Protein chains: 2
Amino acid sequence: MTSTRATLQQVAERAGVSLASTSRALHGTGASKAMVERVRAAAAELGYSPDAVGRSLRMKKTFQIAFAVADIGNPVYVEMMRAIHGVLAPHGYRVVVMTTGDTTGSTADLVRSLNSGFVDGMVISPLRTDDRLIQEIQQAAVPVVVIGRALGDHGISSVSTDSAGGIGAAVRHLHAIGRRRVGFLNGPLDTTPGEARQRGFDAAVRAEGFAAERIEVEIAGDFTVAAGLEAARRLFARAPDGAGQLDAVVAANDLLAIGVIHAARELGLSVPQDVAVTGMDDIEIGRVFHPSLTSVSLGSTERGRAAAQLMLRLTEDPGQQAQQVAVGPALIVRKSTDGGAR
Amino acid sequence: MTSTRATLQQVAERAGVSLASTSRALHGTGASKAMVERVRAAAAELGYSPDAVGRSLRMKKTFQIAFAVADIGNPVYVEMMRAIHGVLAPHGYRVVVMTTGDTTGSTADLVRSLNSGFVDGMVISPLRTDDRLIQEIQQAAVPVVVIGRALGDHGISSVSTDSAGGIGAAVRHLHAIGRRRVGFLNGPLDTTPGEARQRGFDAAVRAEGFAAERIEVEIAGDFTVAAGLEAARRLFARAPDGAGQLDAVVAANDLLAIGVIHAARELGLSVPQDVAVTGMDDIEIGRVFHPSLTSVSLGSTERGRAAAQLMLRLTEDPGQQAQQVAVGPALIVRKSTDGGAR
DNA sequence: CGTTCGGCTGGAATCGTTTCCAAAAGTGTG
DNA sequence: CACACTTTTGGAAACGATTCCAGCCGAACG
């Protein structure tokens, strides 16, 4: 542990010049060749490095961006974080990770805490979005970018995706490979993704040309593997009402899908032969899972990157208008639905 | 976007009292009942919330702790981060995530950057530890806690585990279930975990009472699934030199183990019947993987928590001596080795 | 040679907070 | 009523940096 860090004042004294000149010399703005050299030398001797806090106070800029999510355990958020970090770090920003509980109230509180000015902006991916949260975002002292729901109507910058359409693609895929008894395992309906995916599913199965022998819907407590396993057991346990056992399950995300596959195995059902399973989010582990997981990619990396770029623009020019970015879904077929014709 | 945030000065004027009194009133220290009430009211009317930067400058404390890892994509680090966050957040600390590349040089640079004083401390889990890094840590301006290697000799606080012993437990387990042709898939040997695990493996197979027909070692490029898959292919491809095909593989971590299982499947080998596989770290996905993964837990959560608690102690009393914590490994047997007698 | 202009430099203000110190106000006792 | 003593209050000084502003100097030009 060194005695104490060197301050600009000390560098100035050592170089025998004024504080102002020292600052300028180190920034290379409007200082003579000789001055720069002299100050650089003094700074090097003292091992000076500028204090981030002092600089932040004066410049009214912290070079920190917050990334807030309900649960950092979800690989989707980790992917987003990597992407965000990848965009921001080269511009000199640090990323502060914040975990909101999954209640909308605590999320709103978190947004409110932005008023204490410890970051220059916040990227947030809330599970639920209510009026209070929207209002807090609108009143926030720093730019906020939302990943999830499109909030352009409220003058909020957001990066959205068409998860409803994505679920539709999954449903059509299953139909195309001949599955007719399809279950849908969704997460809580009062969440943004839960609501959208339900809408997508309902629309798809009601669409023209969709022939079904059986449709079942089950809701998991949250978007985790454990909740998915539990809910999937219930789903499979439903007594076939005349029609046969389900031959396909659409899961609202990959973690739930993994739970579904687990539950299927418990019952001796093989995937994809007996039951085809689709997930959503295209998390990395799905690719190496057995069977590898058919999934609808919502471009987590792309969304994270887009959000970070939006943020960059907003922090550099705070007068900027709110902007919207939409990332399209893409179905990626793998083994969990690719059993050929039965 | 509100016009501009209220400052303490403005609250003071509104309440008609001095700046000093205002500050005291809001902290509840040495202010009269009436004063507190008056100031509170003014603050509420203005929607005042204290500026984190101003406060940091004055108090020489940022209430931020950095967590630095090579790659946040590894679930182990995510688990640690959750644990660290869980300990620190209740004490009012924010967690800043930093990604070092996996080179030791950039890690040292990161530690050096602590001199700019944007955090009160740093928890770091470096893949490699060389002299320069150790030196930077020793000279760092704020407390540093290392998760990984025990560095008590260098006067550095660290949380370590016995991964060598953990590998030993895995090897003994495989031996106990009758496997005699065992492969070891390790990560780079110049990393801290790579070196320790190699040592553990070598010691275990040389131990008294260990009977082997065949031993093979292969090194993956890094600790990821992709690298594991590739290296595992090489491992399995080695021509059996008289002895039969491998019937067990010890992987240096769970991601590599997943790669091994994948490679085995490609060859039509079934796990665990043909090849038993063990991993290390006990990541969450291993529990729901198929087959579920036998793994040596190194207590990621526990280590993260311990590191955070150490950090807490160090920041609150900087004169504190460096401390060491060791977390023991624990073998958790699941299906990937539990095929019964063949 | 005097003037103007441009580039460098140093003094001082500023960002928002906490806290030291001295002064003022209140309290109780002799 | 004076005194000692304890709260309570306000002024001012930090913390470490950037930047406005005015002054200084030398060069160029008429």
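Nothing here was measured: the structure is a model prediction, and the numbers come from that model. Per chain, numbering begins at 1; letters A, B, ... match sequence-line order.
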Listed nucleotide nearest any side-chain atom of Met35(A), set dT9(C), dT9(D), dT18(D): dT9(C)

Within the pair Thr7(A) and dA17(D), is there a side-chain N or O less than 4.0 Å away from OP1 or OP2? yes

Have a look at Val53(B) and say if it touches a base, only the backbone sugar-phosphate, or nothing, with a 4.0 Å heavy-atom cut-off. nothing

Could you tell me whether the side chain of Val69(A) reaches within less than 4.5 Å of the side chain of Asn74(A), counting heavy atoms only? no

Nearest-angstrom distance from the residue atom CG of Leu19(A) to C1' of dA13(C): 12 Å

Regarding the side chain of Ser21(A), the nearest nucleotide among dT8(D), dG10(C), dG10(D) is dG10(C)

Side-chain N or O of Arg55(B) versus OP1/OP2 of dG16(C): is the shortest distance under 4.0 Å? no

In terms of heavy-atom contacts, does CG of Asp317(A) have more than 12 from other residues, nucleotides or ligands at under 6.0 Å? yes

Looking at Asp51(B), Leu26(B), Val39(B), which hits side-chain contact (heavy atoms from CB on, under 4.5 Å) with Leu8(B)? Leu26(B)

Donor-acceptor contact below 3.5 Å, side chain Gln324(B) vs main chain Ile156(B): yes

Rounded interatomic separation in angstrom, taking CZ from Arg38(A) and P from dG10(C): 8 Å

Atom CG of Leu8(B) and atom P of dG10(D): how far apart are they, to the nearest Å? 13 Å

Can you confirm whether Glu37(A) is buried at CD, in the sense that more than 12 heavy atoms of other residues, nucleotides or ligands lie under 6.0 Å from that atom? no

For the side chain of Lys60(A), counting heavy atoms from C-beta on, which of dA17(D), dA12(D), dC15(C) is nearest? dC15(C)

From CZ of Phe118(B) over to C1' of dA17(D), roughly how many Å is that when rounded to an integer? 17 Å

Between the base of dG10(C) and the side chain of Arg24(A), is there a donor-acceptor distance below 3.5 Å? yes

Reckon Ser23(A) touches a base, only the sugar-phosphate, or nothing at all at heavy-atom distances under 4.0 Å? base

Between dG10(D) (C1') and Glu13(B) (CD): distance, integer Å: 14 Å

Between dT18(C), dT17(C), dT18(D), which nucleotide gets closest to the side-chain atoms of Arg58(A)? dT18(D)

Gap between atoms CD and P, on Gln9(B) and dA13(D) respectively (whole Å): 15 Å

From CZ of Phe63(B) across to P of dG16(C) the rounded distance in Å is 20 Å

Lys61(A) vs dT18(D): side-chain N/O to OP1/OP2 distance below 4.0 Å: no

Nearest-Å distance for atom pair CE/C1', residues Met59(B) and dC15(C): 18 Å

